[in-house]
Amino acid sequence: MNFHSTRDTNKTKYTAAQVIIKGLADDGGLFVPESIPTLSLSEIGSFCDLDYPTLAATILSKLLTDYTYGELLEDCNGAYSLASFPDGACPLVRVDGNTYSLELWHGPTCAFKDMALQLMPRLLSGALKKTGENKTALILVATSGDTGKAALEGYKNIDQIKISVFYPKNGVSTIQQLQMATQEGENVNVCAVNGNFDDIQSEVKNIFSSSDISSKLEEMGYFLSSANSINFGRLAPQIVYYFKSYCDLLKNKGITLGDKINVCVPTGNFGNILAAYVAKLMGLPIATLICASNSNNILTDFLNTGRYDRNREFHLTISPSMDILISSNLERLLYFISGADATATWMKSLNQNGYYQVDENTLNEISKNFCGYCADETQTKKTIGKYFHDYNYLIDTHTAVAFSALDQYREKTGDNTPCVVASTANPYKFAKDVYNALTGIDSSEGFDSLTALSNETLVPIPDPLSKLRDKKTIFTSVCDKNTMADEIFEFLKK
Ligand SMILES: *Cc1c(COP(=O)(O)O)cnc(C)c1O
């Protein structure tokens, strides 16, 4: 199976290994497989006998064909081990009636990004070997909180890779700061920066585009790489859990083989919901994909009108991982539906004018598969209260946006098809806001907010967060924006 860029009408070919190393195509487009492999219903039924790592290796071997099944199985066994996912990779919980929650946050950092970031570093390490690359990949991450920790946990102690993470000194929560400062691993570095997230992000971009820095790195035996969610190596692992949720529904007799389900996803960069769409293209019986947004509801507007317009106010919300105005992975959907020519034109318009408008045929095709709903801050908090009080089910702020969207969808359409809601973070990851949603009270930051929420709900605090209390702080450096590059070279000298 070859890959090419979403913007390349000549369809220049790349292997999966090359795609995972490169991340973004040279023309600015995203890599996509040249065709989508399809699975029969009986094959999907037979998946139900497999454990999660075997299922993942089976599905990924259809897409990443330059990896052997044996290599993929070894990587998946390592990524989704009981040590990293003690409760199993992603349990499906029945909340009520036809409403199911796919809990994607049982990994080492309590957020769904673990599902991809536990595996992708292993795929990258394999890709370096396959392509004969003998330099070490240096993963550079600017983070506003969650991605940094998930990337650190994923890349730690992986062959031929080092990772350097920068976060804004006063811009992350106490828990997030502790999660990163206590990170273990021989190949990791963490540094706080005097500045905000945008400062750090723009300096990381400068470093990536500096030929001085890259030639200096090359002399030392390194090249720069990113953990970004546009990498196909991060998207592919997310396809797997939608098949797994379907099997769980079959097993607990929520459905019979061939029945359609709906899927509802709290969306930011459009990666998670796009993975569900790819699962549908592969043959998974999904009827409607419900795209849930917070007050940054650019996708809701797009799905209703076909106009994507980022000229709008940006809102900071209690679901910060969805505070995004450019949902990069939407480009892959446009490509699947309308091809490279149209996609290139729309992306050019987005870059030049800040908006694009798709044609009627494209919008119709999108509407056959997707619908969009959004929840503002009040609706999000109310939903947390409703699901806890009515169903004794505690959800985080991001997942609450999705449950609100599902409630609105059902209210509007009367469609009560069994629905799998992607639950993207453990509620304790956002304890302060979840506690406030339930009680109206502001708790203090840090461990106090964990204790307050557990006293209120009696839901146990997850181990990776409670154990932070006893962890040794390893990283204390603080640098300025213009000394970030020095910090990297210091780290590499160690
Ligand atoms: C990253 C993230 C999302 C958004 O996922 P996308 O793939 O970017 O759409 C939603 N919820 C949480 C908790 C996240 O960390």
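In this text the structure is predicted, and so the values were computed from the model without any measurement. Numbering of ligands and ligand atoms starts at 1, following listing order.
Residue contact check: Asn272 has heavy atoms under 4.0 Å from atoms 7 (O) of ligand 1. Residue contact check: Thr267 has heavy atoms under 4.0 Å from atoms 9 (O) of ligand 1. Ligand 1 places these atoms under 4.0 Å from at least one heavy atom of Ala425: 13 (C). Those atoms of ligand 1 that come under 4.0 Å of a heavy atom in Gly271, given as number and element, are 6 (P), 7 (O), 9 (O).
Surrounding CZ of Phe370 are more than 12 heavy atoms belonging to other residues, nucleotides or ligands, all under 6.0 Å away.
The closest protein non-hydrogen atom to atom 11 (N) of ligand 1 is Thr424 OG1, 2.8 Å. Given atom 9 (O) of ligand 1, the protein heavy atom at minimum distance is Gly268 N, 2.8 Å. Here the protein heavy atom with the shortest distance to atom 6 (P) of ligand 1 is Asn269 N, 3.5 Å.
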Determine, stepwise, if the pair Ile286 / Lys260 fulfils side chain to side chain contact (heavy atoms under 4.5 Å, CB included).
-> CA-CA 5 Å; Ile286 295 176; Lys260 290 204 165 153; over 6 Å; no
Mind running ring-ring contact (aromatic ring centres under 6.0 Å, His included) on Tyr393 and Phe388 for me, showing each step along the way?
-> CA-CA 5 Å; Tyr393 189 60; Phe388 187 66; 9.5 Å; no
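Each of Asn294, Thr380, Asp433, Asn296 was checked for a side chain to side chain donor-acceptor pair (under 3.5 Å) with Thr317, and the lone residue meeting it is Asn294.
We find that Lys149 and Glu153 are joined by a salt bridge, their nearest charged nitrogen and carboxylate oxygen being less than 4.0 Å apart.
Here the straight-line distance linking atom CG of Leu299 with atom OG of Ser293 works out to 4.5 Å at 0.5 Å rounding. Interatomic distance, Cys90 SG to Leu104 CG, rounded to the nearest 0.5 Å: 6.0 Å.
Residue Phe430 places no N or O, backbone or side chain, under 3.5 Å from any N or O of ligand 1. Any N or O atom pair closer than 3.5 Å counts here, and Asp396 shares no such pair with ligand 1.
Residue-level proximity to ligand 1 for Pro266 is carried by the backbone, the only part with a heavy atom below 4.0 angstrom. With a 4.0 Å cut-off on non-hydrogen atoms, Phe112 touches ligand 1 through its side chain and not its backbone.
Taking each heavy atom of Val459 and Tyr428 in turn, the nearest pair found is O-OH, 2.5 Å.
In this structure, of Arg234, Lys113, Lys429, His398, the residue bringing a heavy atom nearest to atom 14 (C) of ligand 1 is Lys113.
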